[in-house]
Amino acid sequence: DQQVKQNSPSLSVQEGRISILNCDYTNSMFDYFLWYKKYPAEGPTFLISISSIKDKNEDGRFTVFLNKSAKHLSLHIVPSQPGDSAVYFCAASVGGTSYGKLTFGQGTILTVHP
Amino acid sequence: DGGITQSPKYLFRKEGQNVTLSCEQNLNHDAMYWYRQDPGQGLRLIYYSQIVNDFQKGDIAEGYSVSREKKESFPLTVTSAQKNPTAFYLCASSMLGIQTTQYFGPGTRLTVL
């Protein structure tokens, strides 16, 4: 049972344009969501997170939107840069836990063309 | 510099041998985690630990074992009972508390021949 899904395996975007990465979840108990960026053969790097009490969180070029009723979150990267090319994972955790056990999506490969 | 180290970066073992992957952190985090990543898949949780001398099974613990004798260290042993051990293994750590962020090490690529 895949509780966190990234339905687009890949996304290709032109440099300077907006990249929109999507993530859907099924467990209504999730209350904290994170996005990680990962290069091949390296560990994921934390990008941005959002609590379920918010619907938007911004950090520089990265903005995460949360739609709780649709159980959907998205990551917007504006403007996209070639260095943003990587695999992006969304992850979620259930509230009330003291250790933040994460459930990950399958990842979306983002390619930003110069 | 604070961070998480995993060694070695690449590891080769013969089928039937146990192998131990190292994970050390100097972030003073209480919680540590082991994940496995296979091609085209997300990260799957193997084991996690909130405190020294205590750990819990994750979603895919069969064929793996861990220990947590020190706060800084959380080694993972891939035993011969693990049916498909070839994978990319990632260690992470976090502070305790709700809505905490996990930080990852660089990973170890294990290939069983």
Side-chain angles (χ1 to χ4, degrees), chain A residues 1-10 21 23-27 29-54 57 59 64 66 86-109, chain B residues 3-11 21 23 25 27 29-51 54-60 68 74 87-111:
Chain A
D1 174 32
Q2 189 92 31
Q3 296 188 60
V4 177
K5 293 182 183 179
Q6 294 176 254
N7 292 316
S8 298
S10 62
L21 298 129
C23 181
D24 296 297
Y25 62 95
T26 57
N27 188 344
M29 299 297 291
F30 287 144
D31 74 343
Y32 188 56
F33 303 88
L34 307 92
W35 283 95
Y36 286 88
K37 173 182 177 179
K38 184 181 180 302
Y39 294 115
E42 292 186 13
T45 302
F46 170 70
L47 275 176
I48 192 168
S49 62
I50 188 167
S51 166
S52 60
I53 61 172
K54 295 185 175 182
N57 189 26
D59 184 2
V64 56
L66 176 62
V87 180
Y88 288 78
F89 290 98
C90 66
S93 67
V94 174
T97 62
S98 62
Y99 49 79
K101 181 170 173 275
L102 293 177
T103 301
F104 283 82
Q106 312 96 301
T108 297
I109 301 170
Chain B
I4 303 172
T5 57
Q6 291 185 243
S7 61
K9 181 72 174 172
Y10 298 96
L11 191 54
L21 281 58
C23 177
Q25 55 98 1
L27 299 168
H29 286 167
D30 287 294
M32 297 186 74
Y33 314 79
W34 274 105
Y35 291 88
R36 167 183 173 139
Q37 187 194 10
D38 294 284
Q41 295 195 37
L43 282 65
R44 292 183 291 166
L45 182 64
I46 304 172
Y47 267 99
Y48 57 95
S49 167
Q50 294 175 260
I51 195 169
D54 187 54
F55 46 83
Q56 286 79 41
K57 292 181 180 180
D59 301 318
I60 55 165
R68 186 90 187 274
F74 191 40
F88 190 53
Y89 289 89
L90 288 156
C91 178
S93 70
S94 72
M95 296 172 64
L96 285 180
I98 60 172
Q99 300 188 352
T100 59
T101 298
Q102 291 181 24
Y103 296 92
F104 285 83
T108 293
R109 173 72 186 175
L110 172 65
T111 302

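Values below: every heavy atom of this structure, side chains too, minus hydrogens, waters and symmetry copies.
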| field | Proximal component of Phe33(A), with respect to chain B [non-hydrogen, under 4.5 Å] | value | neither

| field | Distance-only donor-acceptor check, side chains Thr100(B) and Tyr32(A), under 3.5 Å | value | no

| query | Got a second to check how far Leu102(A)'s CG is from Tyr36(A)'s OH, nearest 0.5 Å? | reply | 5.5 Å

| field | Side chain / backbone / both / neither for Asp59(B) at chain A, heavy atoms under 4.5 Å | value | side chain

| message | Applying side chain to side chain contact (heavy atoms under 4.5 Å, CB included) to Gln102(B) and Tyr48(B), what does each step give before you reach the verdict? | response | CA-CA 12 Å; Gln102(B) 291 181 24; Tyr48(B) 57 95; over 6 Å; no

| Out of curiosity, Tyr103(B) OH to Met95(B) CE, how far, rounded to the nearest 0.5 Å? | 9.5 Å

| request: Give, as side chain, backbone, both or neither, the part of Leu43(B) having an atom under 4.5 angstrom from any heavy atom of chain A. | output: both

| query | Does Gln3(A) have any side-chain hydrogen bond (donor to acceptor under 3.5 Å, both in side chains) partners at least two apart in sequence or in another chain, and if so, which? | reply | Asn27(A)

| remark: Rounding to 0.5 Å, atoms OG1 (Thr108(B)) and CG (Leu21(B)) come to a distance of 4.5 Å

| Atom group of Gln6(B) that falls short of 4.5 Å from chain A, counting heavy atoms | neither

| To the nearest 0.5 Å, how far apart are OH in Tyr10(B) and CG in Leu110(B)? | 13.0 Å

| chain B contact residues among residues 45-54 of chain A, heavy-atom distance under 4.5 Å | Phe46(A), Ser51(A)

| task | Compute the centroid of each ring, for Tyr35(B) and then for Phe104(B), and state whether the two points are separated by less than 6.0 Å. | result | yes

